[in-house]
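Data first, discussion second: the structure below is written as structure tokens.
What you see is a predicted model; the values in this text were computed from it and never measured.
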Amino acid sequence: MLRALLVDEIDKSDIDLRSDLLTVFERGEFEIPELARIGGLAVADERFPITDGKVVCHQFPFVVLTSNGEREFSPAFLRRCVRFRTPDPDPRC
């Protein structure tokens, strides 16, 4: 099953989001601090257990990021992206 993740207008997000995403993509896991404090096993769905607040990715999703071009992205971030720029709308249409 293909999973997709849409992060719309990433350039308007918290400045740390891009580096946080890189870390998640490299490690294949992330921690939910609120669940980590509780500890143990949390189950949102029996197919995807969350142990000690840690979510582990067994299949990476197809990730789509959109940007309005309001901020620059680091070269390290851009190296991991396939960029597609849509042309500006034609005012005559």
Side-chain angles (χ1 to χ4, degrees):
M1 175 188 303
L2 177 65
R3 289 172 172 75
L5 169 66
L6 171 64
V7 181
D8 194 23
E9 297 184 348
I10 191 168
D11 51 336
K12 293 182 180 179
S13 69
D14 183 77
I15 195 76
D16 294 331
L17 179 62
R18 287 162 283 195
S19 61
D20 291 345
L21 280 174
L22 286 178
T23 301
V24 169
F25 295 151
E26 288 172 2
R27 288 185 175 173
E29 64 185 30
F30 65 94
E31 184 179 88
I32 301 171
E34 295 81 2
L35 295 178
R37 282 193 292 272
I38 296 169
L41 179 66
V43 180
D45 182 316
E46 65 271 358
R47 297 173 297 163
F48 310 108
I50 301 169
T51 306
D52 294 327
K54 192 172 286 187
V55 178
V56 179
C57 181
H58 298 287
Q59 257 185 326
F60 283 92
F62 178 75
V63 181
V64 177
L65 308 169
T66 69
S67 169
N68 292 333
E70 294 181 9
R71 278 194 205 160
E72 294 293 320
F73 298 104
S74 72
F77 186 83
L78 292 175
R79 279 194 302 273
R80 292 165 173 85
C81 298
V82 175
R83 296 167 47 183
F84 175 75
R85 183 174 175 85
T86 57
D88 292 331
D90 186 343
R92 298 173 292 176
C93 294

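Between T66 and E9, the shortest heavy-atom contact is OG1-N, 2.6 Å. Here the closest non-hydrogen pair linking S19 and D16 is OG-O, 3.1 Å. The shortest non-hydrogen separation linking I10 to S67 is CG2-CB, 4.4 Å.
A heavy-atom distance below 4.5 Å is found between the side chains of F77 and L65.
The stretch residues 60-84 participates, sequence neighbours left out, in these salt bridge (Lys or Arg N to Asp or Glu O under 4.0 Å) pairs: K12-E70, E26-R80.
Every residue two or more places apart in sequence or in another chain was checked for a ring-ring contact (aromatic ring centres under 6.0 Å, His included) with F25, and none qualifies.
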Steps toward side-chain contact (heavy atoms from CB on, under 4.5 Å) verdict (V55, I32):
CA-CA 8 Å; V55 178; I32 301 171; 3.8 Å; yes
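With salt bridges taken as basic N to acidic carboxylate O contacts below 4.0 Å, none links K54 and E31.
Among L17, D11, I15, the single residue meeting the side chain to side chain contact (heavy atoms under 4.5 Å, CB included) criterion with S13 is L17.
Linking ILVMFWY residues whenever their side-chain heavy atoms come closer than 4.5 Å, directly or via other members, leaves V56 and L22 in distinct clusters. Clustering ILVMFWY residues whenever any of their side-chain heavy atoms sit less than 4.5 angstrom apart, transitively, puts V7 in the very cluster that holds F73.
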Sequence neighbours left out, cut at 3.5 Å: what donor-acceptor pairs do the side chains of residues 86-93 make with other protein atoms?
unit_1: D90; atom_1: OD1; unit_2: R92; atom_2: N; d: 3.0
unit_1: D90; atom_1: OD1; unit_2: R92; atom_2: NE; d: 3.1
unit_1: D90; atom_1: OD2; unit_2: R92; atom_2: NE; d: 3.4
unit_1: D90; atom_1: OD2; unit_2: R92; atom_2: NH2; d: 2.9

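Within a 6.0 Å sphere centred on CZ of R3, heavy atoms belonging to other residues, nucleotides or ligands number more than 12.
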